[in-house]
2 protein chains.
Amino acid sequence: MADATIRCMAERARRGAPLTLEEIATTAVRLMDEAGVEGLSMRKLASELDVNPMSLYHHVENKEALLKLICATAAERMRVPPDDGSPWQEQLRELALAYHRNAKEHPALWGYLHTHPEVISHRGLPLWSALYRILRLAGVPEPEVRRTGDILHAFVSGFILAEINGHMPDDPEEIERNYDTAVHLIINGLAGF
Amino acid sequence: MADATIRCMAERARRGAPLTLEEIATTAVRLMDEAGVEGLSMRKLASELDVNPMSLYHHVENKEALLKLICATAAERMRVPPDDGSPWQEQLRELALAYHRNAKEHPALWGYLHTHPEVISHRGLPLWSALYRILRLAGVPEPEVRRTGDILHAFVSGFILAEINGHMPDDPEEIERNYDTAVHLIINGLAGF
DNA sequence: ACCTGAACACCGTTCAAGT
DNA sequence: ACCTGAACACCGTTCAAGT
């Protein structure tokens with residue numbers, strides 16, 4: 001009896017603890033951070049977790065579902081600056097900066113996310129409520145809020161993707177100036193409404 | 001002798017004519033149009049051309065080089081509206097529309113291009129010279145032209161990627177309005193310089 | 001319930017051989 | 001010069017079997 005249980009545990013886990021969805025997700029994120037989307041394979045992930053590749057499928061339907069999962073949690077966990085009562089220009093700038101900072105922490109993940117936007121289209125995300133709030137503050141008429149938000153998000157994501165993909169100068173100071181110009185452009189544009 | 005040549009030709013080509021780089025490229029584009037980047041594999045491409053997969057490697061170094069090639073030719077062939085003397089706002093609008101139209105013709109290809117921007121960073125491309133010309137016309141000071149151009153391009157590509165990836169409304173009329181708003185935003189923003 | 005090995009249908013690419 | 005088949009090292013995923 002005792003022998004059987006011991007043998008069972010020894011066999012079912014070449015690892016210390018049983019596999020967790022949480023653990024799978026964080027390891028997947030790490031692999032993506034290290035080597036991009038192309039660096040994440042189910043087999044590599046499994047071997048990183050010291051587990052048979054097929055064990056993963058007990059916790060996740062398939063690779064796409066896994067990617068969706070880690071993108072969704074990243075989007076949900078994104079920290080947006082709170083409403084501190086400052087003028088909308090300032091708040092918009094802060095939100096853009098937060099988004100930028102976030103994306104740079106896990107570039108490959110946000111790259112994937114931006115090219116598979118089902119994940120980010122959930123309107124309850126902190127990102128969207130913050131953006132909509134600021135646009136209303138800026139005086140964008142209610143029926144235009146959502147559209148304008150989509151467009152602004154597309155702009156920012158274009159900027160970030162360009163940066164992630166190396167289509168921007170390398171010098172961080174230069175990037176900072178680019179970012180300033182970009183945000184200024186948007187704010188100027190909005191002010192014209 | 002004659003027999004040998006005939007047999008040779010028959011064997012070396014299960015197809016009518018010998019393989020061409022041109023032919024490879026256009027078929028690759030078609031496959032991408034039909035099924036996205038993931039729908040293009042060297043093996044599928046070869047079978048589409050009625051050829052052994054390995055024959056491709058005689059014309060192209062590898063898959064990435066092939067993708068680069070078709071993206072580069074697409075970028076070079078892009079038609080940009082000529083300088084017709086109209087105000088810069090109008091010309092910028094037309095350029096954005098041309099870019100948009102172009103991208104929609106081969107969505108997967110432009111999607112890949114935007115996430116692998118080495119291809120489009122060649123400054124001699126018609127796209128860039130047209131954009132720079134219009135920015136100068138708009139009064140952007142010379143040392144800012146290139147930076148502003150990069151940012152505007154990032155914005156437009158973000159918009160287009162969002163559209164390609166379905167993160168925009170489906171109704172074409174709605175998209176048209178989105179596009180108008182986006183271009184207005186940019187023009188307003190530039191006018192504030 | 002959770003894990004596994006063998007197997008299947010795909011990849012991109014190398015290499016030695018064919019004409 | 002151009003093409004090929006067999007082979008290698010990878011994929012994602014199914015399925016039947018193990019505890």
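Below, read A as the first sequence line, B as the second, and so on, with proteins coming before strands; counting in each chain starts at 1.
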For E105(B) and R101(B), what are the C-alpha separation, side-chain angles and deciding distance, and is it a salt bridge (Lys or Arg N to Asp or Glu O under 4.0 Å)? CA-CA 7 Å; E105(B) 268 171 38; R101(B) 219 176 305 123; over 6 Å; no

List in numerical order all residues of residues 106-118 of chain B for which some heavy atom is under 4.0 Å away from an atom belonging to DNA chain D. none

Tell me which donor-acceptor pairs under 3.5 Å the side chains of residues 170-177 of chain B have, and how far apart each pair is, sequence neighbours excluded?
unit_1	atom_1	unit_2	atom_2	d
D171(B)	OD1	E173(B)	N	3.3

By ring-ring contact (aromatic ring centres under 6.0 Å, His included), which residues pair with H116(A), not counting sequence neighbours? Y112(A)

Which atoms of nucleotides 10-14 of chain C (N or O only) lie under 3.5 Å from a protein N or O atom, and what are those distances?
unit_1	atom_1	unit_2	atom_2	d
dC11(C)	OP1	S41(B)	OG	3.4
dC11(C)	O5'	S41(B)	OG	3.4
dG12(C)	OP1	M42(B)	N	3.0
dG12(C)	OP1	K63(B)	NZ	3.1
dG12(C)	OP2	M42(B)	N	2.9
dG12(C)	OP2	R43(B)	N	3.3
dG12(C)	N7	R43(B)	NH1	2.4
dG12(C)	O6	R43(B)	NH1	2.8
dT13(C)	OP2	Y57(B)	OH	2.8
dT13(C)	OP2	K63(B)	N	3.0

Going by side-chain contact (heavy atoms from CB on, under 4.5 Å), name the residues that satisfy it together with V60(A), two or more places apart in sequence or in a different chain. L21(A), M42(A), L66(A)

Is any side-chain nitrogen or oxygen of H58(B) closer than 4.0 Å to OP1 or OP2 of dT4(D)? no

Once side-chain contact (heavy atoms from CB on, under 4.5 Å) is applied, do any residues pair with A103(B), and if so which ones, sequence neighbours excluded? W110(B), I160(B)

Atom CG of L49(B) and atom P of dC3(D): how far apart are they, to the nearest Å? 11 Å

Can you find a side chain N or O atom of S55(A) that sits less than 4.0 Å from OP1 or OP2 on dT4(C)? yes

Distance, rounded to the nearest Å, where L19(B) contributes CG and dA1(D) contributes P: 17 Å

Determine which bases of DNA chain D form Watson-Crick or G-U wobble pairs with both distances under 3.5 Å, and write the result as a 5' to 3' dot-bracket string with | for other-strand partners. ||.|||||...|||||.||

If the condition is ring-ring contact (aromatic ring centres under 6.0 Å, His included), which residues does H122(B) pass it with, not counting sequence neighbours? none

What pairs of residues pass the ring pair (Phe, Tyr, Trp, His ring centres under 6.0 Å) test when at least one of them lies in residues 17-70 of chain B, not counting sequence neighbours? none

Quick one: side-chain contact (heavy atoms from CB on, under 4.5 Å) partners of Q91(B), sequence neighbours excluded? D83(B), D84(B), S86(B), R133(B), I134(B), L137(B)

Taking atom P of dA7(C) as reference, at what distance in whole Å does atom CG of N52(A) sit? 14 Å

Salt bridge or not between K44(A) and E48(A)? Use side-chain N to carboxylate O under 4.0 Å. no

Please collect all side chain to side chain donor-acceptor pair (under 3.5 Å) contacts where either partner lies in residues 152-169 of chain B, sequence neighbours excluded, each pair once. Y99(B)-H153(B), H100(B)-E163(B), K104(B)-E163(B)

Listed by chain and number, what are the side-chain contact (heavy atoms from CB on, under 4.5 Å) partners of A65(B), not counting sequence neighbours? E61(B), N62(B)

